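Since the structure comes first, as structure tokens, the remarks are kept for the end.
For clarity, every value in this text was computed on a predicted model and none was experimentally measured. The figures that follow rest on heavy atoms only: side chains count, while hydrogens, waters and symmetry mates do not. Convention: sequence-line order gives letters A, B, ...; per-chain numbering from 1.
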Amino acid sequence: MEDSPFGLFRKECVALITDALRQEGLLEKEIRLTVPSDSAYGDLSFSTFALGKSAGNDPRLIAEGAVKRIEASHRELVGKVESAGGGYVNFFIDLTRFAELTLGVIGEKGRSYGLSTTKRGSVIVEHTSVNPIHPIHVGGARNAVIGDCLSRILRAAGREVKAHFYIDDVGLQVAQASYGLGMAGSARAKEKSDHFIGFIYAVTSCAMSIKRLRMEIEELKVGCKDEEARGKIGELDDWIGAAADLRAKDEELFDRISDGICAVQDPDSEVNKLLKRYEEKDSGAVKLIRGLSELALAGFRETLDRVGIGFDSWDWESEITSWSGSAEKVVDRLAKTEYVEVEKGTYVLDSELVATKLKLKEKYGIRTEVPPLTLKRSDGTTLYTTRDIAYTLWKFERAEEIINVISIEQKLPQLQLKLALYALGEGKLADRLVHFSYELVHLPGYKMSGRRGRFIAFDDVLSEGVDRAFREVTERSPHLSEEERRRIAEVVGIGSVRYAMIAVASNKPITFTWDRVLNFEQNSAPFIQYAHARASNILAKAGSDPAKCGPPDYSGVQSNYEKDLIVMLSIFPEVVSDAARTLKPEMLAEFANNLASKFNLFYDNIPVLKAEGGIKAARLNLVEATKLVIANALSLIGIEAPSRM
RNA sequence: GGGUCCGUGGCGCAGACUGGAUAGCGCGUCGGCCUUCUAAGUCGAUGGUCGUGGGUUCAAAUCCCACCGGACCCGCCA
């Protein structure tokens, strides 16, 4: 790994403490330095408590001895060294040299500062992959933003990344929506096409659920099972409520689909037949289902383009898994193993047997029985996870590692997928398959449900964000042209949504509220963008020829404001590699926010344009470097950095 | 019922992988700062037994166990 400026300082500290301890006859095999809780304790520190414990010495004496040795050694970036706290060796940066080094490296590398130059192997990041039956809602938005940020960060860390969108057009839901679309006749989209499909799907699933529940309730009443019937009636009420909301949006279209479904004896079996025909590539089914999927995808592309999310590959499930026969082949291969049973015409993988026989329970932290996985329906069609096994093999022909960004709800099927790979003798692939799971986005008061048409669409969040940003920029910068205010509003509004989606750790649920997502104050994209705009403004006012200030004098850059800023800039490459290693895109958001915060303190306390000569030159370099690193950090989370706001 | 994840001031979060010095930040509330590089900023005040109880350790928000609370999963859906 190439060294960040801070990494060089760390290396020097490690070398100094190693040498000192060796001279004292106390060598630790691994030196671990920590960043102190307070900068009064230095920039890195070493704790001698553990050494004191194992060597039976007083930690304080060890620390004091080490400091004496280090003080006598040659130092480059390390300035002062102190012992403190009864067992710490605290290292302080020599700011003049460190500023020169850090700002020199940033100036030299420019936009590539923070990016790794080492190539580190290929990886497919599969993300978003929203079913083409409704628009991308806020839950899918979280997936899309996380996946896109992961792709950007891994790419920055030297991985050869391909972003893939898996189009699940062989799913039952798509068949259902397509069945409804068939009933809609000549109705065409008046709105964005994926929103239109979302409406069709919700109406269809409502109508079908209501019909099914009514029949089930009848049967239960005939059988005198009143208790169960009451439960179903509650469910039915919920669907009827959803249906009423949908009907209010477009009565004519609603009635056409709803009446159509009422007239059919068994719509569920009709949907299943449609799906079967699609898997068999029947041309009528293909036309209908592909037509619907394309409509939805056109909408997705529009939305994703707007937020700067692009894909290297759009993978049709039908082509890769069903029509190519690869899913069928997976079933055949698995059927030959001892793990698959044929029950009532279905193929079932005994996941539990795979886990126990191949001793995978401990590896995957499984403490209970793993439920079996049905591979094929009794009508011969395949199930999602089965096709996903085939798709996974397909992806492994194209990359060494796979990261699937899929919500936590699919934890079990993702585990079963790995177990299935092991059953196939492809355990090595399973080990290079990562399920990057993230928690759901909840709505306050009700549960999101595409089937009921109850969700908040990503498009609506973006529009609202941009509208609010436009009002904000108009109020603050009325002198800018409308065109420029529109452009800034787009960057700021969308940035704030992206930031909100990425800033919370992915294993924590988010409760969606407009004010939280569209926050323009601290800990938000606009806050960071604003710091960037301020830095840009200083540079613009400084003019194009900073060289006339003379050579930079870094000995004049000694305040804590400047120091904190420089240290922050110097750790950026480490933040990128840590975020890539631990798959934590939120680290970039946090870093950018902290950097902006440090810059604001510097901005309010340290004059730049009014400084003179070499000091002015040094500060201008610092501002330039800050502007650059903010932009670099933001670009890794897909947020643009405007120069005016 | 079983499993997984989460629980940090009134609200929203960071810190937990890799234990270390006084637990950080934002919002909110109250009070300041624009004749000085854009106030989407900033300063001060307010507010926390880090869910509870044990354990390990020189040292626990962090590791282990139990319990409580919430979310999610346990389909011939995805």
May I ask whether A:Y603 stacks on the base of B:G41, given the cut-offs of 5.5 Å between ring centres and 30° between planes? no
A:S45 has its side chain closest, among B:C37, B:A21, B:G41, to B:A21
Does the side chain of A:E279 come under 3.5 Å of the side chain of A:T382 through a donor N or O and an acceptor N or O? yes
Using 0.5 Å steps for rounding, measure from the OG atom of A:S351 to the CG atom of A:L373. 5.5 Å
Please produce a list of atom pairs where a protein N or O lies less than 3.5 Å from an N or O of nucleotides 56-63 of chain B.
| residue | atom | partner | partner atom | Å |
| --- | --- | --- | --- | --- |
| B:C58 | OP1 | A:K53 | NZ | 2.0 |

Determine whether A:D315 and A:Y391 satisfy the following criterion, side chain to side chain contact (heavy atoms under 4.5 Å, CB included), listing intermediate values before the conclusion. CA-CA 9 Å; A:D315 304 338; A:Y391 179 46; 2.5 Å; yes
Between the side chains of A:E562 and A:S559, is a donor N or O closer than 3.5 angstrom to an acceptor N or O? yes
Nucleotide N/O of nucleotides 7-13 of chain B paired with protein N/O under 3.5 Å:
| residue | atom | partner | partner atom | Å |
| --- | --- | --- | --- | --- |
| B:G7 | OP1 | A:K508 | NZ | 3.1 |

Is any N or O donor-acceptor pair between the side chain of A:S37 and the base of B:A23 shorter than 3.5 Å? no
Can you label the angle between the A:F455 ring and the A:H137 ring as parallel, tilted or perpendicular, going by 30° and 60°? tilted
What about A:S378, does its side chain sit under 3.5 Å from the base of B:C76 through a donor-acceptor pair? yes
Would you please determine if the base of B:G41 is stacked by A:Y530, with stacking meaning a centroid separation under 5.5 angstrom and planes under 30 degrees? no
